[in-house]
Amino acid sequence: MFRPVPSKIDFVQMEKDLLAWWDECGIVEKYLIRNDGSGKRFSFVDGPITANNPMGVHHAWGRTYKDLFQRYKTMQGFEQRYQNGFDGQGLWIEVNVEKDLGMTSKTDIEDYGVDKFVELCKERVRRFADVQTKQSIRLGYWMDWDDSYHTMSDENNYTIWHFLKVCHEKGYIYEGRDVMPWCPRCGTGISHHEIVTEGYKDITHPSVYVRFPLVDRPGESLLIWTTTPWTLTSNVAVAAHPDLTYVKVKVKGTGPDGGDETLYLVKGRLEALKADYEVIEEIKGSALEGLRYHGPFDELPAQEGVEHRVILWDEVSESDGTGLVHSAPGAGEEDYALSKEYDLPAIAPLDEFGKFVDGFGELTGLSVFEVARPIHRSLREKGRLYRLDQITHRYPVCWRCDTELVFRLVDEWFISMDELRHDIAEVTKKITWIPEFGMGRELDWLRNMDDWMISKKRYYGLALPIYKCADCGHFEVIGSEVELEERAVEGWDKFEGHSPHRPWIDEVKIACEECGATVSRIKDVGNPWLDAGIVTFSTLGYRNDKDYWRKWFPADLISESFPGQFRNWFYSLLTMSTALENTEPFLANFTYATLLDEKGEEMHKSKGNAIEFEEGADKMGVDAMRWMYSGTNPASNLLFGFGRADDTRRRMLIPLWNVYSFFTTYANIDGYTPDTPAPPVGERAELDRWIISELNELIRTATASLDRYDPQTAVREMDEFVERLSNWYVRRSRRRFWKSEVDTDKVAAFATLHECLTTLVKLMAPFVPFVTEEIYQNIGRNGGSESVHLEDWPIADESLIDTRLDDATRLAMRLSSLGRAARSKAGIKVRQPVAKVAFKLRTDAESDLLEQVAPQVRDELNAKEISVLDDVSTVANLEIKPNFQLLGPKYGRDVGQVVGAISKAEPSEVFRIVSANQQVELGEYTLEPDEIVVSATDKEGFSVIAEQGYSAAVTTEISAELELEGRARELVHQIQNMRRDAGFDIADRITTYYTGDSGIDEVIAAHEGYIRQETLSDDLIKSAPPEEAHASSHRINGLDAALGVVVNE
RNA sequence: GGGCCAAUAGCUCAGCCGGUUAGAGCGCAGUCCUGAUAAGACUGAGGUCCCUGGUUCGAGUCCAGGUUGGCCCA
């Protein structure tokens, strides 16, 4: 006996019950060790999830992929490491801890104590790692949760030290000075990666036009434009395009003294002038080179000794501004690059908090965000301000705290990419990228990237093991904790026992190998992508257990969402593996796009369209979520929401459940168990052989799909299989299960359906681990494993695949559909038998196929006879008409004769030719098939539907005999409904009472046996029903009948 | 400015190596079926497969150019 299965199921409750059961029976533990020592290995290395917040439904998408690929490989017997990773160092964490503590700047951290602050950071990581672990378990993600790695671990940090040491030995590490985007609040540089990922906003800034008076041409000024007036303090040059045309103009009455003035600007931007002007002269940009001008803030000490002049630059544009670009090398990126070319001084105005440093007069000590007014005032007083507007433009902001970025001249540490760039590209090309265009994206990034900036002036993160001597300037990189201890000259005792984080690590000092001075570590921490990029080494024992590392490196698979990762995680993995081993760190990379809401918009908590993971899990059920995730095209954005989840459940999970429920119900009635001997597949009914053939094809295609990391195709095939199983196999087989006696055919049907369900749940188990386990536990165990997830992946039996039978059955489905359409058109319901349905097929071969499956079609369409038509004209009136739209242009005034020829032709003959898509010869004209329009109207007595070369014709005349039979079926239908309404068990035997029109007697007289058998009526009694009967009145195809049913003892 | 990706029904998407007459789900309108069905089936309306050229016996599919959108780089 199988456990009875309700037809309605609360999937969410079922999932929770199974989580408890798995836990109780230790199934996950058994799964994790299932393949220990197996000869086959599959190495998956997890990309660490940032343990800074609860995980979202977008993480659940990625984790579903990770889980399903690993589950698939587990079922196939591959030994695996099931190690999840948490990412927990860096600015993300710091910012959240700062928020929790109500901090607003770096000095707050110093005041609070770096040691306590770092401990809080670690604690936050541990807290959210726990949250994410619980969420992942709810998702059905089976990992070795006690063995998750952390990027903040000592091993991870020290392995990065080793990497940096290797880089240093190869001469890649250098300290560079550069102008970079800087967040004044976080007090740290922001890499370009971070800006392009999420860091732009529309911001309104002043749009300032300023006069730079020419030294050698009194009364004449360059007109420049800027949206960052604070940078004017550090101006050293003006750039002009060598090839653009500039103009010298006289402007009426705009001078500082109210008189006329002479200005220079690019010809294409004359609209920037605020009054009438007269062009005095046109000048090529190159002619402006070397002109000296008075800077806007020459009075400041910081400007002392600077000689301002015009330089040339190809990047100057005419699309905004004045074509004369103010250049401040200490406060702008391109400006800095240009200054190196022209050997200009760089004046750096800001400290790390964005405040003006000494030498800037009244501005010194003010924040960059406070100086707009004093600067405007100063310019106005000096007669330099020409015009002040506002402009709203895209401007970079800090991706964590939304503070506007500034550009600042800083000293940072870099890994040079000059040599590595090519090697990384070669490694990249050896990897399988899914989708394929991933490789192109990675290579594109590698071509364009700058040197890797690895330092950050923060507190909680990798302690960069760089020791730079303050005395002689020499620097070294320490490669391990052992080396540090050996080199330590003080502070080791204070550090020992702590993680290699600030502030403890900085107790340790070493002696400079050049000059012997005591050297401290630089204050900087590392770029967090160092942390994540090292994991194919750090988590696989690279430093201490090379054999283990060789066993699991490189990873067979990694998988992450692609936005951002090509220049982040993938890049750092590739770089580190190339530098250390010059080989690929992973063999395949399965990447996927972005999760959006159902309308295609980004999910944001503030927008209110975000779905929390728990909410999704509890409302949709995670199986529905997982099926939806798995079935999507990973290269396209996924539109995710409750509507789609409902859809998925209704289309897949409920039909599957219904088939399962159907099976258990009837198996229990008949006492069928998997042990019941069943005939071999070859001796079973055609339907059985067909669905078994489909099943084995499914195994084959699903396996092939997953082998190429294509879950979407596997999902689609499974969807189709369930559709066929439910809507053809079970539908057509119902009678076989329903009949009273248990014969060989019935056992074969049970065995077939059981085989389909138990195999299907194995195939689906990696995708939807809950519902498959539920079904497996009830009907699939049978001496197999303790859990479906400990089962072997099915292997297709090619000998059971019968493609001819597949074709025949699909033809039967198609013709049935067409026949139903023809009945529908004639208004004859399927319960009413018809004499005949005739089909026109496309090929002769199909006639043979139809012969094979004719009984299925006949039964499905409730027809007494099925036949094949050679000629549609026997059942339909054909008319042929000229297609004037085509014939008109082609024949011009001869079209009348063509029409005449068509009208004389024999329609059925023309129809035959046109159907074959051949030219029609009509007298002297040869017509193309589409030049003739053929239409068919039903002949008396037939209802015809034609579609794609097939036709179905249903006889519409219902004889008295057929009418009687139709009534019998209607009567059965009504009695069945009454049984259900009365709450009888499916197997209850009953007595049926009836009274009514005399026509009812006729029906019963003719079909008593049939009615009794179908309704399980032992007796069919003509009388009013007794009191206790379930009774009601009906119209049976125009006849009145009163019916009553009673269960027999 | 450069690179990558996409464009198919009202919406969301399939469409494998180029092969007859382009499909599904949802939505809408209507009908039917059901003792597995909080289901299902059928019908109808709805398509310039973004445009223009090319290759080919044959192009939604391949090539070139363009348009629009997205992502990335500068």
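Heavy-atom basis, side chains included; hydrogens, waters and symmetry copies ignored. In what follows, chains are A, B, ... by sequence order, proteins preceding strands, each numbered from 1. Quick caveat: nothing in here was measured; it's all calculated off a predicted structure.
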More than 12 heavy atoms from other groups under 6.0 Å of CD on A:E602: no

A:F662 and A:Y666 aromatic ring geometry - parallel, tilted or perpendicular at 30°/60° bounds: tilted

Sugar-phosphate only, base, or nothing, as touched by A:F984 at under 4.0 Å among non-hydrogen atoms: base

Sugar-phosphate only, base, or nothing, as touched by A:D719 at under 4.0 Å among non-hydrogen atoms: nothing

Sugar-phosphate only, base, or nothing, as touched by A:R650 at under 4.0 Å among non-hydrogen atoms: sugar-phosphate

Atom pair distance, as rounded to whole Å: CE in A:M14 and P in B:A38: 16 Å

Among A:H58, A:M620, A:E598, the one residue meeting side chain to side chain contact (heavy atoms under 4.5 Å, CB included) with A:F640: A:M620

Nearest to side-chain heavy atoms of A:S726, which nucleotide of B:C73, B:U12, B:A36: B:A36

Whole angstrom value for the distance that separates C1' of B:G70 from CG of A:N637: 8 Å

Between P of B:A41 and CG of A:D859, the distance in whole Å: 19 Å

SB check A:R734 A:D859 (cutoff 4.0 Å): no

Whether A:Y571 and A:W445 hold their rings parallel, tilted or perpendicular, with breakpoints at 30° and 60°: perpendicular

Side chain to side chain contact (heavy atoms under 4.5 Å, CB included) partner of A:T1015, chosen from A:V972, A:V1045, A:L1020: A:V972

Residue A:R651, side-chain atoms from C-beta onward, closest of B:G25, B:C73, B:G15: B:G25

Under-4.0 Å side-chain N/O to phosphate OP1/OP2 contact, A:R441 with B:G3: no

Criterion side chain to side chain contact (heavy atoms under 4.5 Å, CB included) against A:F562, the qualifying member of A:F437, A:W433, A:Y592: A:F437

Sugar-phosphate only, base, or nothing, as touched by A:I669 at under 4.0 Å among non-hydrogen atoms: nothing

Length of the CD-P vector between A:E598 and B:C26, whole Å: 14 Å

Any A:N658 side-chain nitrogen or oxygen under 4.0 Å from OP1 or OP2 of B:A39: no

Within 45° cone and under 6.0 Å: A:K746 NZ/CZ vs A:F737 ring: no

Atom-to-atom span, CE of A:M628 to P of B:A24 - whole angstrom: 22 Å

Consecutive-pair stems (at least three Watson-Crick or G-U pairs, under 3.5 Å) that include RNA chain B: B:1-7 with B:67-73, B:10-13 with B:23-26, B:28-32 with B:40-44, B:50-54 with B:62-66

A:N633 vs B:C13: side-chain N/O to OP1/OP2 distance below 4.0 Å: no

Contact under 4.0 Å: A:Y666 side-chain N or O vs B:A36 OP1/OP2: yes

Minimum-distance nucleotide to A:S636 side chain [options: B:A36, B:A14, B:G25]: B:A14

Candidates B:G15, B:A36, B:C73 - which lies nearest the side chain of A:W445: B:C73

Listed nucleotide nearest any side-chain atom of A:D444, set B:G25, B:A36, B:G3: B:G3

Touch class at under 4.0 angstrom, heavy-atom based, for A:E717 against every strand present: nothing

Touch class at under 4.0 angstrom, heavy-atom based, for A:D647 against every strand present: sugar-phosphate

Chi-angle category of B:C17 [syn within 90° of 0, anti beyond]: syn

Sugar-phosphate only, base, or nothing, as touched by A:T664 at under 4.0 Å among non-hydrogen atoms: nothing

